[in-house]
Protein chains: 2
Amino acid sequence: MSEERYFTISELANIFDISSRTIRYYEEMGMLTSVTRESLTKQRSYTNTERRRLKLILRGKKLGFSLQEIKEMIDLYESNPEGKVERERIIEFADKKLKEIDEQILQLQILKEEILAHRKRFLDVKQT
Amino acid sequence: MSEERYFTISELANIFDISSRTIRYYEEMGMLTSVTRESLTKQRSYTNTERRRLKLILRGKKLGFSLQEIKEMIDLYESNPEGKVERERIIEFADKKLKEIDEQILQLQILKEEILAHRKRFLDVKQT
DNA sequence: ATCTAAGTGTACGTTAACGTCAACTTGGAG
DNA sequence: CTCCAAGTTGACGTTAACGTACACTTAGAT
């Protein structure tokens with residue numbers, strides 16, 4: 001399953017419709033790690049793994065999370081916890097995030113209802 | 001039903017756990033209108049209507065919308081459309097927002113599933 | 001009337017998340 | 001080898017959404 005497909009920075013940028021600068025910025029922030037092939041080259045190269053990470057980051061952004069929050073999630077997501085304490089910390093964090101997400105979904109549903117109600121009021125008014 | 005309860009700026013700030021500066025900023029942006037009582041006083045006074053608006057704004061923020069987006073929604077929400085064209089524009093806007101919200105809910109559910117799966121993996125590992 | 005906590009306008013400061021520009025370096029087509 | 005589009009590293013610019021500081025003004029308890 002090891003597809004050794006490599007992406008240049010502008011390829012990734014095009015795929016996700018963002019700028020190269022943005023990708024470099026994410027790397028600068030430690031949210032992305034480019035695979036500089038054997039340090040022979042100075043240009044960045046990305047694998048499918050990075051592609052997926054980028055997708056994760058962008059989804060997080062769309063959902064209103066800050067880059068810092070996203071970084072925290074990804075870091076935990078990819079950490080390999082040694083002891084029991086570490087694992088418990090992760091579980092705890094996950095539960096916290098799940099609660100936040102549920103709350104967010106709930107709020108979105110409320111907003112949705114309100115917009116629907118509002119929309120209906122305008123449909124009802126057939127004549128001025 | 002006309003409860004003539006008035007709020008000072010810091011009362012509202014305390015209620016929503018934000019700063020007075022933030023409220024003034026929202027007003028400056030045209031998202032909030034203080035009721036300066038008969039222009040006798042120079043201090044702001046808010047009614048329950050403004051309280052609700054503020055709640056709307058803060059919910060929007062929590063959901064990742066920018067103040068500009070929230071302003072657009074509120075403006076449309078409170079506009080009294082004259083003609084048919086105006087009403088249609090509002091319906092259209094509402095439908096667009098509803099789609100966005102549904103998409104956002106979907107993305108949140110996906111994220112939720114991923115976190116749950118990840119969480120499960122750590123629960124499964126009982127012994128190191 | 002007075003005093004003080006709360007409010008006001010004005011203005012400059014701050015942080016996140018990039019945009020933009022300049023002065024190079026790199027790599028692949030011809 | 002030669003070129004040039006694409007990439008790189010700084011560094012400074014920008015915008016949204018407030019924070020903060022200052023020099024007043026206002027309101028309400030005493």
Side-chain angles (χ1 to χ4, degrees), chain A residues 4-47 50-51 53-75 100, chain B residues 4-47 50-51 53-75 100:
Chain A
E4 282 303 329
R5 167 78 158 93
Y6 284 95
F7 300 92
T8 76
I9 195 170
S10 53
E11 276 175 331
L12 275 194
N14 280 329
I15 290 174
F16 294 108
D17 196 33
I18 56 180
S19 72
S20 302
R21 173 67 170 105
T22 300
I23 297 181
R24 262 186 242 110
Y25 179 69
Y26 291 165
E27 192 165 336
E28 200 177 319
M29 294 294 102
M31 315 187 63
L32 231 49
T33 325
S34 62
V35 186
T36 309
R37 271 208 264 223
E38 307 167 29
S39 75
L40 285 175
T41 173
K42 279 206 133 196
Q43 281 181 210
R44 288 157 230 262
S45 210
Y46 302 93
T47 72
E50 301 306 316
R51 207 192 89 110
R53 277 182 77 134
L54 193 46
K55 195 174 174 181
L56 266 176
I57 295 173
L58 295 177
R59 182 165 66 210
K61 282 214 58 190
K62 260 198 165 181
L63 296 176
F65 294 103
S66 74
L67 291 186
Q68 270 314 308
E69 288 175 298
I70 297 170
K71 183 168 160 47
E72 278 181 45
M73 291 198 247
I74 291 183
D75 283 354
E100 282 177 28
Chain B
E4 281 304 327
R5 167 78 157 95
Y6 285 95
F7 300 92
T8 76
I9 195 169
S10 54
E11 275 175 330
L12 275 193
N14 280 329
I15 290 176
F16 295 108
D17 197 32
I18 57 180
S19 72
S20 302
R21 173 67 171 107
T22 299
I23 297 180
R24 264 186 241 108
Y25 179 68
Y26 291 164
E27 192 166 337
E28 200 178 320
M29 294 294 102
M31 314 187 63
L32 231 49
T33 325
S34 62
V35 186
T36 310
R37 272 209 265 223
E38 309 168 27
S39 75
L40 284 176
T41 173
K42 280 205 134 198
Q43 279 181 212
R44 289 157 227 263
S45 208
Y46 302 92
T47 71
E50 302 304 317
R51 207 192 88 111
R53 277 181 78 133
L54 193 45
K55 194 174 176 183
L56 266 176
I57 295 173
L58 295 177
R59 182 166 66 210
K61 282 214 59 192
K62 259 198 165 181
L63 296 176
F65 295 102
S66 74
L67 291 186
Q68 268 315 307
E69 288 175 298
I70 296 170
K71 183 167 159 48
E72 278 180 45
M73 291 198 248
I74 291 183
D75 282 355
E100 283 177 28

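Proteins come first, then strands; the chains are lettered A, B, ... in the order of their sequence lines, and each starts at number 1. Values below: every heavy atom of this structure, side chains too, minus hydrogens, waters and symmetry copies.
Following rounding to the nearest Å, A:Glu11 (CD) and C:dG27 (C1') show an atom-to-atom distance of 14 Å. D:dC18 atom P lies 13 Å from atom CD1 of B:Ile9, rounded to whole Å. Rounded to whole Å, the distance from OH on B:Tyr6 to P on D:dG28 is 14 Å. We find that CG of A:Asp17 is positioned 15 Å from C1' of C:dG19, with the value rounded to whole Å. For the pair A:Gln43 CD and D:dG7 C1', the interatomic distance rounds to 4 Å; values are reported in whole Å. Counting to the nearest Å, the C1' atom of D:dA5 and the CG atom of A:Asn14 are 14 Å from each other. Distance B:Ile70 CD1 to D:dC18 C1': 14 Å, rounded to the nearest Å. Distance CG (B:Leu12) to P (C:dG7): 10 Å, rounded to an integer number of Å.
Scanning both residues, A:Tyr26 and A:Leu54, for their nearest heavy atoms gives CD1-CD1, 3.8 Å.
Look at B:Ser10 and you'll find a side-chain N or O under 4.0 angstrom from OP1 or OP2 of C:dG7. Regarding contacts with the backbone of D:dA6, every side-chain N or O of A:Thr8 stays at 4.0 angstrom or more from both OP1 and OP2. The side chain of A:Ser19 places no N or O atom within less than 4.0 Å of a non-bridging phosphate oxygen (OP1 or OP2) of C:dC18.
Take A:Ile15 and apply the side chain to side chain contact (heavy atoms under 4.5 Å, CB included) test, not counting sequence neighbours, and it matches A:Phe7, A:Leu12, A:Arg51. Residues meeting the salt bridge (charged side-chain N to carboxylate O under 4.0 Å, His left out) test with A:Arg53, sequence neighbours left out: A:Glu78. The salt bridge (charged side-chain N to carboxylate O under 4.0 Å, His left out) search around A:Arg59 returns B:Glu114, not counting sequence neighbours. Annotation: salt bridge (charged side-chain N to carboxylate O under 4.0 Å, His left out) contacts of A:Glu100 (sequence neighbours excluded): A:Lys97.
The environment of CD in B:Glu11 is crowded: more than 12 heavy-atom neighbours from other residues, nucleotides or ligands sit within 6.0 Å.
With D:dG7, C:dG7, D:dT26 as the choices, the nucleotide that has an atom nearest any side-chain atom of B:Lys42 turns out to be D:dT26.
Between A:Leu67 and A:Tyr25 there is a side-chain heavy-atom pair separated by less than 4.5 Å.
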Could I get a table of every N or O pair under 3.5 Å where one atom is in the protein and the other is in nucleotides 10-17 of chain C?
residue : atom : partner : partner atom : Å
C:dA17  : OP1  : A:Leu67 : N            : 2.9

Structure string for DNA chain C in dot-bracket form, Watson-Crick and G-U at under 3.5 Å, | interchain: ||||||||||||||||||||||||||||||
Trace of the side-chain contact (heavy atoms from CB on, under 4.5 Å) decision for A:Thr47 with A:Glu50: CA-CA 5 Å; A:Thr47 72; A:Glu50 301 306 316; 4.1 Å; yes
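Each of B:Lys62, B:Met73, B:Met31 was compared with B:Ile57 under the side-chain contact (heavy atoms from CB on, under 4.5 Å) criterion, and only B:Met31 meets it.
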